[in-house]
Every structure is written in structure tokens, then in C-alpha cells.
Protein chains: 2
Amino acid sequence: MRDILGIQKQLLPDLLETMKKRYTILHYIRVSGLVGRRTLAGSLNTTERIMRGEVDFLKEQGLLEVEASGIRISETGRLLLEQIEPLVKDLFGLTELQEQLRLHYNLKQVVVVPGDSDVSAHTKKELGLVGASILRKHITQDEVIAVTGGSTMAEVANHLSPSTALKGCIFVPARGGLGESVELQANTIASTMAKKTGARYRLFHVPDQLGEEAYQSLLQDGSILEIIAFIRNARIVIHGMGEAMLMARRRRVDAATTAILQQDGALAEAFGYYFDRRGIILHKMPTVGLRIEDIQEMDCVIGVAGGKSKGEAIAAVLQFGHEDILVTDEAAAIEMVQNLHLGRHSLS
Amino acid sequence: MRDILGIQKQLLPDLLETMKKRYTILHYIRVSGLVGRRTLAGSLNTTERIMRGEVDFLKEQGLLEVEASGIRISETGRLLLEQIEPLVKDLFGLTELQEQLRLHYNLKQVVVVPGDSDVSAHTKKELGLVGASILRKHITQDEVIAVTGGSTMAEVANHLSPSTALKGCIFVPARGGLGESVELQANTIASTMAKKTGARYRLFHVPDQLGEEAYQSLLQDGSILEIIAFIRNARIVIHGMGEAMLMARRRRVDAATTAILQQDGALAEAFGYYFDRRGIILHKMPTVGLRIEDIQEMDCVIGVAGGKSKGEAIAAVLQFGHEDILVTDEAAAIEMVQNLHLGRHSLS
DNA sequence: AAGCGATGGACGTTAATTGTCCCAGTACTA
DNA sequence: TAGTACTGGGACAATTAACGTCCATCGCTT
């Protein structure tokens, strides 16, 4: 039932919006009993004329009865409302989550897809699909797009498709090697994205574990300098997020650092930085690339991550406060919103 | 799955139409492989500009890849197409039936609702719903609407709702008493419709079995003459259809007539007339009201009937050739289309 | 190399949507 | 019973979106 809507949304993006609008009107009229057009328009804060169009439509469909004394719901309309109620409740649950997260973390946009990436691979795919579509929408011209690694980003890459608008873009890894397995490395993701879209890409060839001297000498290298310049020019970055300790283990962070992270309460990891619950950076992976100050100046920071287990981590990264757009799934969103409420309680 | 589509059909029929359009385009492109915009427009008979809008949209959604050499479907698009196929088939298998019937019988409009009225009462309700909505759409001003009896028409009456546009109308029974039970008599239906819509009505008080002299004297009666005049003025008639022998039995037609009907191959009954397979009238019930020549002059003859068992009967009435609009269900439509094909075979 | 068919841009025209009043009713109240 | 505060529907200008049409440029094939 839900997936039908997901499918339709691709062909009719404003389907849900229209459905919601008409449902709301119908619902309001049922509750009100007999109500006037202008009153309706006022209550649902839209204009009289638009409300008139909708009412005309709903009347035409036989869902409303409109008399000189006002508008009331018809028997058919009442029946429809009963049938559609569970569906709408389900749907608006998601939009409600979106709004709550958007407002609380002051984001430009939040998209919550139904399901739990921890449980269903399909949900993760949808995360990728939505992530790809959002990325596509925010690319305005030839520009540099910084990406990170991870399985979610790999999924985003999978769902990109060629487009002339993207032809002039350049995908670059946000930071150097972070010890991921090859297929989940930022390098791989960037090249996949470029291949899928027909764009170009640059790779970061940086050894995983880097000593200080090596680091400094690397910064003298021409090709490294060039790609760093690219990254600094990026207007868009799209990245995954993960649980701190899980990522540390996966990236074979040394025992000492891991212990410190654990001790300091590291919760989340994103583009090579580790965050605690308050969104404060505890540690950065020893590699080159995107810096914190670069992120702050980005026009468009897109975070994509889902799964109930990642809820807290995502919240921590959002707390950091430099995200613009979040793409997540229902399970993670619910987790985040619950913690958000708990937080309020503990403060009061 | 089906009910969600049913809901959407009521709440956003316009969006479903665009969904179909976009699906058709996507489908066509998948089949064609690489195809040009103008070729597309020609094949799907729309204009180049409109096709361009749609292609732009689908490209934006990442469902198409458009290059200088033409348009092809993307991986995402192919996936979507697979997912949406059953849904569309469900939705438009019916439209295909509609089109076949409409073209073969040269009708203005055919609506096929999903299901089988023989099996499900819900399907019959939907038949009524659609019938009512079509009736509503075809009423332009204050006018006379002739109706017949039967359970389907009762359902239509149930789903009518008040409307100022209908206030000035007058519902009249198409023909006098036809021996139906009270709640299914045309008289009852006409009065129900009038009450539901806030319109007026006239009744036909005619004894069931009528001798010739009685018939003649009845034609002198003032009130009878008045209502007959009304009927002759009707621009719209909405009627049910039934199986001939079933109707004869239900209406207690005398044994001799029944035998003749059976012998002559009576298949269908509508507004008191009995038809054979070729749509030729075999017999008319001895009562007053709507005549064949009246039907021929009507602007809008709406037939409503469904159920697999009625398929043949409906086909016979359509063969008669004076219907404008048909509302039926999936089971009956399939039955009719199959017979239609059989007919072709036997001719070749 | 030339020709055909492709997309994408440009722009005037047309159609639809929308904002805004007003009018003729209806229901409720004083 | 008279008045008031609503109601839907009609009308119309203004704005906006959609559409038709033409042309430039690009890519592939012959």
C-alpha cells in the first residue's frame, strides 16, 4: 500500500500534496457540518478563489453537497473519508516527522522515506533514490560536488542517471582515504557517480595511515593541491553518516584513539569527523580534504542516512548545525524525534 | 491495492490521467529504445510542445536519459516501469475494455467499474455511484429525466445527492407499471431520485395488466396525458437492463407470451421492451410511456447494468443501437468483449 | 563531407488560474 | 418580524502558466 504511493510519487510528485489538500478540505467540512467557502478558506489559510476551485471539483466528484446555505459533506464523501483516513494518517505521519526535524534543526529540507534501512534493503534503496533526486535538483550548473563513502552513498550513486545538466560537473571525494573497503570508499563513489551521470571526477590517492611528516610532504604535491582546490570550490557536498564506534572499528582506527573516542562519548561520524551528542567535534581522521570551515561555507550540505540504529548518530551530526538537507528513513526519524522530546523533558 | 486506486480515482482523477500519460510515454520509449521527441509526439498523437514538457519532467525525475541523439529510458525508469505496470494494467485494463465497447457499439462514453455485480454488492454500489455521477454531469438545465426500475437503478438513486443544478429537474418513470416489486418500480425510483436531489417528480399510476379497451380509455385520462407529454419532452433517459427470461418471470408475464419470447430467442429486456441477440425488438410490455421513436430522438440514453450473467443481455440492447452511454462492470464487459470476438470469428 | 534527425532555446499567442467584487439568497437572532 | 451576518455563484480584470512554432546547433549515419 505504501509502496504504491512511492511508485506514483515518481510519476506524480505533487500527488501527495494534492491528496492532502483535498483530504484536509473534506475532513474540515465533515467536522464543521455546514460551512461557508470563505470561512473554509480562512481556516485552511488559502484564498477564497482557490478554495472555490477545490470545492467545485469535490462537488463535481459528488463528495460534497453545496447549497445556498453552505457546504456539507455528502454520503459518498463521508464514505471516502473513512476509507482514506488510515492512509492519510500514515502519510502525514511522515510529513509531520519531516516538519518536526526541519524546524528543530533549522534545516532547509527534510525527506523521510517509509521503512527502516536496518531491516529492509529496499528502504535503503529508496534512501538512495531520494538522495539522488535531491542532488540532481540542487545542481544548477557546472560545479564541483564533494561526496563521501559508505553504503548509503553507494546507493545514491546507483540511482543517479545521465543528464546533460550534470555533464559539466566534477565529482570529488570529500576527504582522502578513510580506511573503508574499496567499494565503499569516497573515491569509488565519486567515480561511480561520475560514470553514471556522464560527468568527470577526480580521485584522492592518499595512503590510509599518515604520519605527520608524510602529511606535510603530501600537501606539497601538485595533484593533491589541485584536488584540494577543487574541494574548496565545491558548492555542494553530499555525505553519509554513521555510528562513531562502528565506523572506528570498520576503519581500523588504532586502539588508543578508539579508547579516547569511547571515553569522550563519541556518537557519530561524518566526512571523517567524530561528533559527540552535542554535535561537538572530538576527533578528525588524519587525512586531507574538506575542512570544517569549508563545510560552513557550503551552499548545500546534504546528509543521507537511515536505520533505527543510526538515529542518535544522525541527531548528533545535525546538532553540529551545518546541515542543509537531510534524507533519512522513518525508523531513524522516529528515533530522533523521540530523543528530541526526551531532551525537552530533561531540560524542563 | 485496488481500493487505494479507487480512492484516488475519486479524489484525484485528473492526476491519474497524467499518470497514465506519463506511463504511456515511458513505456513507449522503453519499447522504442532510442527515439526522438517529434516521433514520440506523432506516435502518441500529441503535440511536440506537450511531449517536450513531459519529457523534460521525466528527465528531471531521472526516469529518462536524453542526449543529442535522442531519448532513451534510464535504469531507474525501467525499474519504475516494472513496478508500476500491474498498477496501470489494473487501472487501464478497464479503459481498454471501455474503448473496445465504445468503438464497437459507437457509443459516446463507456465506463467500466472493476468487479462483478453478480458476486459483490460493492460493485453494484459502484455502478450506482458512477451512474449517478454521469447523470449529474449530463444535466445541463431544468429538464425532464426519464428513469426505469430495477435494482441497479435503485442503486443509482441512492447515490444521487442534492445540487442546485438539479433543483429544477423533474424525474418521471419511463413507462407505466411493469409488474416489478414496489421498491424496484420505476415510480419508486423516480421519486427517490427526486427526493435525493431536491428535484420534483411525477408518477405513473397504471394498473399492471391492461386490456385493450382499458388501455384506450387510459389514454384519454388527463393526468396520464400530462405525464406522457413530460416523457416525450425528456432529453435524458437512464435505464437498467436485464435478462429477458428472468425479467419475464419476475414480472409475471403470462405463460403464452413467455413461450413466444423463449421461442424467438429473447435475450434482453430494457424499458419494457424485449430484444433478441441482434437487438431486434420482439415484444413490448402492454403499458404506456416511452416509445421506441422517443428513444431514438433522445439526446442522452444512459444504460446502467453489470454482472457477468448480464453480459449477453447488455450486448443485445447495445446492438439495438440507440444507447449513448453505457455504465457496466468488469465482468460484464469482459463477457461482452469475448462474445464480440467470437462473433468476428464466426463471420470470417 | 553532407544530410538527416536530434535537442534546446526563444518568443509571441493562447488558455487557464487567480484575486476581487458584487448580488441574490438563506439562516439565525434580537 | 426585521435585521444581520452569513452563504454560493456570477463576472471580470490581471496575472501566470501552457502551448505552438520556428530556428540554431549538435551528433550520428551514409
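Below, each value reflects all heavy atoms present in this structure, side chains not excepted, and no hydrogens, waters or symmetry copies. Note on naming: letters A, B, ... go to the chains in the order of the sequence lines (proteins, then strands), and numbering restarts at 1 for each one.
Following rounding to the nearest Å, Glu48(B) (CD) and dT7(C) (P) show an atom-to-atom distance of 9 Å. A straight line from CD1 of Ile29(B) to C1' of dT7(C) spans 13 Å, rounded to a whole angstrom. Rounded to whole Å, the distance from CD1 on Ile50(B) to P on dA15(C) is 13 Å. If you take CG of Asp56(A) and P of dT18(C), they are 12 Å apart, rounded to a whole angstrom. The nearest whole Å value for the distance from the CZ atom in Arg49(A) to the P atom in dT15(D) is 16 Å. Whole-Å rounding puts the Met51(B) CE to dG8(C) P distance at 14 Å. Here the P atom of nucleotide dG19(C) and the CG atom of Asn45(A) are 13 Å apart, to the nearest Å. Atoms CG (Leu40(A)) and C1' (dT7(D)) sit 12 Å apart, rounded to a whole Å.
Side-chain atoms of Arg52(A) and base atoms of dG8(D) include no donor and acceptor less than 3.5 Å apart. A donor N or O paired with an acceptor N or O is found under 3.5 Å between the base of dG8(C) and the side-chain atoms of Arg37(B).
Comparing Arg38(A) and Ser69(A) along DNA chain C, the residue whose closest nucleotide (by nearest heavy atom) sits nearer the 5' end is Arg38(A).
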Worksheet item: Can you list the steps and then say if Gln61(A) with Leu80(A) is a side chain to side chain contact (heavy atoms under 4.5 Å, CB included)?
Response: CA-CA 11 Å; Gln61(A) 293 298 113; Leu80(A) 176 71; over 6 Å; no

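An OP1 or OP2 oxygen of dG8(C) is reached within less than 4.0 angstrom by a side-chain nitrogen or oxygen of Lys59(B). Dashed line: the shortest gap from a side-chain N or O of Thr47(B) to OP1 or OP2 of dG20(D) is under 4.0 Å. Contact between the side-chain N/O atoms of Thr39(B) and the OP1/OP2 oxygens of dA6(C) is found at a separation under 4.0 Å.
Within 4.0 Å of Ile71(B), counting heavy atoms only, lie sugar-phosphate atoms of the nucleic acid but no base atom. Backbone-only contact: Val35(A) has heavy atoms under 4.0 Å from sugar-phosphate atoms and none from a base.
A distance of 6.0 Å separates CG of Leu135(B) from CG of Leu160(B), quoted to the nearest 0.5 Å.
Panel note: side chain Thr46(B), backbone Met51(B); no donor-acceptor pair is recorded below 3.5 Å. At distances below 3.5 Å, at least one donor-acceptor pair connects side-chain atoms of Arg136(A) with backbone N or O atoms of Glu60(B).
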Which donor-acceptor pairs under 3.5 Å do the side chains of residues 229-237 of chain A make with protein atoms, sequence neighbours left out?
residue: Arg232(A); atom: NE; partner: Asp294(A); partner atom: OD2; Å: 2.9
residue: Arg232(A); atom: NH2; partner: Gly289(A); partner atom: O; Å: 3.4
residue: Arg235(A); atom: NE; partner: Glu143(A); partner atom: OE1; Å: 2.6
residue: Arg235(A); atom: NH1; partner: Asp299(A); partner atom: OD2; Å: 3.1
residue: Arg235(A); atom: NH2; partner: His138(A); partner atom: O; Å: 3.3
residue: Arg235(A); atom: NH2; partner: Glu143(A); partner atom: OE1; Å: 3.2
residue: Arg235(A); atom: NH2; partner: Glu143(A); partner atom: OE2; Å: 3.1

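The side chain of Ala68(B) has dG27(D) as its nearest neighbour among dG9(D), dG27(D), dC22(D).
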